[in-house]
There are 2 protein chains.
Amino acid sequence: MTTTVTCPTPTPFDPFDANCPTRQLLDELSDKWVCLVLVALGPGPLRHGELKRRILGVSQKMLTQTLRNLERDGIVERTITASVPVRVDYELTPLGRSLMPVVDALKTWAQAHMDEVESSRERYDARV
Amino acid sequence: MTTTVTCPTPTPFDPFDANCPTRQLLDELSDKWVCLVLVALGPGPLRHGELKRRILGVSQKMLTQTLRNLERDGIVERTITASVPVRVDYELTPLGRSLMPVVDALKTWAQAHMDEVESSRERYDARV
DNA sequence: CGGTATCCATTCTGATACTG
DNA sequence: CAGTATCAGAATGGATACCG
C-alpha cells in the first residue's frame, strides 16, 4: 500500500542543486544593481535617466542591462511613449511588487547593521 | 531658534550613494554564494566539506572566499578544533541569524515564483 | 580535511562613439 | 532621451598543485 503525504510547500525547486533553474534565478537576483533598482522603483514609475540619477555610480550600460533582465523575468515593465524625444518608463509589475519587501529588507538590514559590520571588520583586520 | 526633530529611523546610511559603506555591503551580500551559504547554515553549524557537498557546484576557492568575507563581517563564526585531521566548523553569529530571515525570504521567493519568471521569459524571448 | 598559491581562460564592465 | 555597438582593461573564477 502507498501513502501520499500532503506537503505544505510542495516546491520541487531546490537552489542547492546547481542545475535547478532557481539557482540561476537566485544568481540573477543577487546582482550588484538589482536591489537598488527595485527599491528605487518601489514608490512608482521612473524614467531611465531618473533611475540613473537616483542610483549614483551606475553606468548606462549596466542600468539598461539590469532593467532588461528584470523585464524579461516579468519583474519590471517597460513602457514607451512615442514623443520627441521618446519617453521610457519603468515600473514594478505585480510580480516585482511581491519581491519588493524582500529586497527592501536587504537594504534595510545593511543600513541597520552597517556599524556592527564595520567594527567586526576592524577587529578582524587588526588580528592579522 | 533651532528645532530638532526626532526621526524613527535615523540612519545616515544611503546605499544609493556610491561612496556610502552600505553600497559596498549590499554588493557583498548580493554575491552568488552568500544566500545559499547562509541558508545552509541556518539549521546549525556545518564543516567546510559539508557545506561544499550541500551547495552543489561551488568550488573550494569560492566557498572559502565567501566564508572569509562573512567571517570578517561578523556574520559567520569560524571554529577550529585541533585534531588530526583538523576540524573547522562554521556557524551563524547573532548578527548572521538576524540576516537569515532576509536571505531565506529571497530563496523562498525564487522557489515560489520560478514558474512565473520562466513563462515571462518565454513570452519575452518569443517576441524578438 | 581545510586551506593557500599560482596560472590562465573567461567574463565583466566602463568609456567612447554613434543612432533614432 | 534612450539605447546599441565596440573595444581594451580589470575582475572573476576554475583547475591544479602543494602545505599543515
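Please read all numbers here as calculations on a predicted model, not as lab measurements. Here is the naming used below: chain letters follow the sequence lines, and residue numbers restart at 1 for every chain.
- With rounding to the nearest 0.5 angstrom, the CE atom of A:M100 is 13.0 Å from the CD1 atom of A:I75.
- Contact check on B:D89 versus B:R78 returns no salt bridge, with no Lys/Arg side-chain nitrogen under 4.0 Å from an Asp/Glu carboxylate oxygen.
- Side-chain N/O atoms of A:S59 include none lying less than 4.0 angstrom from OP1 or OP2 on C:dT13.
- Atom CG of residue A:L38 and atom NZ of residue A:K107 lie 12.5 Å apart, to the nearest 0.5 angstrom.
- Side chains of B:V37 and B:V58 form no contact here, defined as non-hydrogen atoms less than 4.5 Å apart.
- In this structure, NE2 on B:H48 lies 6.5 Å from OH on B:Y90, to the nearest 0.5 angstrom.
- A:K52 has its NZ atom 15 Å from the P atom of C:dT13, to the nearest Å.
- If one axis is set at each end of the helix from C:dC1-D:dG20 to C:dG20-D:dC1 from five pairs, those axes are 50° apart, to 10°.
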Could you encode protein contacts along nucleotides 2-12 of chain D as a string, one character per nucleotide from 5' to 3', using B for base contact, S for sugar-phosphate-only contact and - for no contact, with a heavy-atom cut-off of under 4.0 Å? BBB-BB-----
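- Note: B:N69 CG to B:T64 OG1 = 11.0 Å, rounded to the nearest 0.5 Å.
- Interatomic distance, B:T81 OG1 to B:R47 CZ, rounded to the nearest 0.5 Å: 8.0 Å.
- Side-chain contact between B:L41 and B:R54 is absent, with no heavy atoms from C-beta onward closer than 4.5 Å.
- Straight-line distance from the CD atom of A:Q65 to the P atom of C:dT11: 13 Å, rounded to whole Å.
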